[in-house]
Q: 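One structure follows; several queries about it will come next.
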Amino acid sequence: MKAIDWDALHNAAVAAMKTAYAPYSKFPVGVAALVDDGRIVSGCNVENASYGLGLCAECGLVSNLIATGGGRLVAISCVDGQGNHLAPCGRCRQLLFEHGGSNALLMTDDGPQTMAAMLPWAFGPDDLDRNER
Ligand code: THU
């Protein structure tokens with residue numbers, strides 16, 4: 001597999017962040033990911049007057065992933081309003097884990113980290129397969 005173009009991912013995350021709808025928190029977030037077929041998908045947070053209904057940027061990214069053909073997330077860049085790396089919230093780590101698995105990489109201030117490191121002892125699709133349903 002080709003080297004990951006982290007600059008391109010960062011730029012896509014910043015571009016997505018600029019489209020965020022975050023009038024309540026005033027904390028725009030953008031996220032972009034390289035998919036295993038080479039395309040880049042992205043998302044931004046979309047808040048709501050009913051605060052608890054706000055959607056994190058990663059929700060948009062996953063929706064974009066599935067709506068444009070699916071695939072596996074290989075590398076992910078998430079940024080705040082200043083373009084700094086943002087460590088996704090716990091729920092969003094779970095969303096990313098579902099579609100990237102343990103080996104997907106997430107850029108942090110300490111360099112790329114695996115999803116296994118970002119979400120240790122993760123619950124995922126394999127756990128469901130272990131039970132008879
Ligand atoms: N947010 C995200 O979009 N992703 C994260 O991983 C962390 C938090 C959003 C939710 C809310 O709109 C704003 O950031 C402040 O929490």
Side-chain angles (χ1 to χ4, degrees):
M1 178 122 187
K2 265 189 350 184
I4 294 161
D5 186 346
W6 287 107
D7 284 344
L9 276 185
H10 184 260
N11 290 342
V14 170
M17 177 274 291
K18 288 184 176 161
T19 69
Y21 177 73
Y24 308 111
S25 70
K26 303 194 175 6
F27 192 87
V29 177
V31 61
L34 173 66
V35 184
D36 60 354
D37 65 2
R39 72 193 202 280
I40 289 181
V41 292
S42 63
C44 63
N45 53 338
V46 181
E47 296 182 346
N48 193 282
S50 180
Y51 295 166
L53 299 184
L55 303 174
C56 281
E58 294 84 346
C59 300
L61 178 141
V62 165
S63 181
N64 186 213
L65 171 73
I66 300 304
T68 60
R72 299 295 287 170
L73 303 176
V74 173
I76 304 150
S77 172
C78 185
V79 299
D80 66 15
Q82 279 71 50
N84 299 315
H85 301 133
L86 187 71
C89 73
R91 177 179 184 273
C92 290
R93 293 181 201 202
Q94 184 73 30
L95 288 182
L96 296 171
F97 181 80
E98 176 83 14
H99 298 283
S102 302
N103 297 326
L105 295 172
L106 180 74
M107 183 52 83
T108 74
D109 286 345
D110 290 343
Q113 304 292 323
T114 62
M115 280 308 299
M118 299 303 294
L119 190 65
W121 290 84
F123 173 82
D126 293 349
D127 294 297
L128 293 178
D129 289 342
R130 271 199 237 116
N131 282 325
E132 277 186 41
R133 279 174 287 152

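A quick note: this is a predicted structure, and the numbers were derived from the prediction, not measured.
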Q: Using a 4.5 Å cut-off on heavy atoms from C-beta on, say whether the side chain of Leu65 contacts that of His99.
A: yes

Q: Once side-chain hydrogen bond (donor to acceptor under 3.5 Å, both in side chains) is applied, what residue pairs with a partner in residues 101-118 remain, sequence neighbours excluded?
A: His85-Asp109

Q: Keeping to residues at least two apart or across chains, list the ring pair (Phe, Tyr, Trp, His ring centres under 6.0 Å) pairs with something in residues 63-84.
A: none

Q: Can you name the closest pair of heavy atoms from Val35 and Gly70 and give their distance?
A: CG1-O, 3.7 Å

Q: Any ring pair (Phe, Tyr, Trp, His ring centres under 6.0 Å) pairs touching residues 57-77, not counting sequence neighbours?
A: none

Q: Any chance you could lay out the side chain to side chain contact (heavy atoms under 4.5 Å, CB included) test for Leu9 and Met107, step after step, and finish with the verdict?
A: CA-CA 10 Å; Leu9 276 185; Met107 183 52 83; over 6 Å; no

Q: Working to the nearest 0.5 Å, report the span between CD1 of Ile4 and OG of Ser77.
A: 11.5 Å

Q: Check the hydrophobic clustering (I, L, V, M, F, W, Y; side-chain heavy atoms under 4.5 Å; chains of links allowed) and say if Leu86 and Tyr21 are grouped together.
A: no

Q: Show the nearest heavy-atom pair for residues Ala20 and Asn45, with the distance to one decimal.
A: CB-OD1, 3.1 Å

Q: For Gln94, check side chain to side chain contact (heavy atoms under 4.5 Å, CB included) against everything at least two apart and list the hits.
A: Leu119, Phe123

Q: Show every side-chain hydrogen bond (donor to acceptor under 3.5 Å, both in side chains) that has at least one partner inside residues 117-128, sequence neighbours left out.
A: Asp127-Arg130

Q: Enumerate donor-acceptor pairs with a distance under 3.5 Å from any side-chain N or O in residues 55-64 to protein atoms, sequence neighbours excluded.
A:
| from | atom 1 | to | atom 2 | distance (Å) |
| --- | --- | --- | --- | --- |
| Asn64 | OD1 | Ser42 | N | 3.1 |

Q: Using a 3.5 Å distance criterion without hydrogens, assess whether the side chain of Asp36 forms a donor-acceptor pair with backbone atoms of Arg72.
A: yes

Q: Using a side-chain heavy atom cutoff under 4.5 Å and only I, L, V, M, F, W and Y, what cluster partners does Val79 have?
A: Val14, Met17

Q: Which pairs pass salt bridge (Lys or Arg N to Asp or Glu O under 4.0 Å) with one or both residues in residues 84-97, sequence neighbours excluded?
A: none

Q: Kindly state each residue pair satisfying ring pair (Phe, Tyr, Trp, His ring centres under 6.0 Å) with at least one member in residues 38-61, sequence neighbours excluded.
A: Tyr24-Tyr51

Q: Would you list the pairs meeting side-chain hydrogen bond (donor to acceptor under 3.5 Å, both in side chains) in which at least one residue belongs to residues 3-14, sequence neighbours left out?
A: none

Q: Which ring pair (Phe, Tyr, Trp, His ring centres under 6.0 Å) pairs, counting each pair once, include a residue from residues 57-84, with sequence neighbours left out?
A: none

Q: Donor-acceptor pairs under 3.5 angstrom involving side-chain atoms of residues 25-32: please list them, not counting sequence neighbours.
A:
| from | atom 1 | to | atom 2 | distance (Å) |
| --- | --- | --- | --- | --- |
| Ser25 | OG | Phe27 | N | 3.0 |
| Ser25 | OG | Glu47 | OE2 | 2.5 |
| Lys26 | NZ | Pro23 | O | 2.9 |

Q: Are Val41 and Leu73 packed together at the side-chain level, in the sense that at least one heavy-atom pair is separated by less than 4.5 angstrom?
A: yes

